[in-house]
Amino acid sequence: LELDEETALFLYDDYISNWDIYKPLLKDAISELNYEQIRSIAHAIKGSSASMRIINAYVLAKEIEDNAKVSNKEFGYTEMFNKLIHTIEY
């Protein structure tokens, strides 16, 4: 992104604000194994991560989304969610 520093910080703050909303929603959806909600929230995180070019978060969210789309019961949603947290917050 070729942005001035002020715009970049604004967009990043917005990304983090959205993450703060999505994070508990995704955690709850995973604990309930609500695949449609998991897919929808992961899709939103994937899109915003792609826009910000936060590639590692994009890849993790895409993997969560793809597995939820097919209701994969064997997929490690909690493990991937924890990796997503680590990627975005640290």
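Numbers here simply count residues along the sequence, with the first being 1.
- If you take CZ on R39 and CG on N34, they are separated by 10.5 Å, rounding to the nearest 0.5 Å.
- I88 CD1 to N18 CG: the interatomic distance, rounded to the nearest 0.5 Å, is 10.5 Å.
- Taken to the nearest 0.5 Å, the CG atom of L9 stands 12.5 Å off from the CG atom of D14.
- The hydrophobic cluster containing Y58 also includes I55, V59, under a criterion of side-chain heavy atoms closer than 4.5 Å among ILVMFWY residues, counted directly or through chains of members.
- For the side-chain hydrogen bond (donor to acceptor under 3.5 Å, both in side chains) test, residues two or more places apart in sequence or in another chain that qualify with Y15 are S49.
- For K46, the side-chain hydrogen bond (donor to acceptor under 3.5 Å, both in side chains) test picks out E65, with sequence neighbours left out.
- Separation of atoms CD1 (I41) and CD (E36) is listed at 10.0 Å; rounding is to 0.5 Å.
- With contacts defined as side-chain heavy-atom distances shorter than 4.5 Å, the pair M52/L11 qualifies.
- Going from atom CG of L3 over to atom OH of Y12 covers 15.0 Å, rounded to the nearest 0.5 Å.
- For D4, the side-chain hydrogen bond (donor to acceptor under 3.5 Å, both in side chains) partners two or more places apart in sequence, or in a different chain, are T7.
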Pairs of donor and acceptor atoms involving the side chains of residues 73-80, under 3.5 Å and at least two apart or interchain, shall be tabulated with distances.
| residue | atom | partner | partner atom | Å |
| --- | --- | --- | --- | --- |
| Y77 | OH | N67 | O | 3.1 |
| Y77 | OH | A68 | N | 3.4 |
| Y77 | OH | N72 | O | 2.9 |

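- Sorted by first then second residue, the side chain to side chain donor-acceptor pair (under 3.5 Å) pairs that include residues 80-89, not counting sequence neighbours, are W19-E89, K23-E89.
- One finds the CD1 atom of I54 at 11.5 Å from the CD1 atom of I45 (value rounded to the nearest 0.5 Å).
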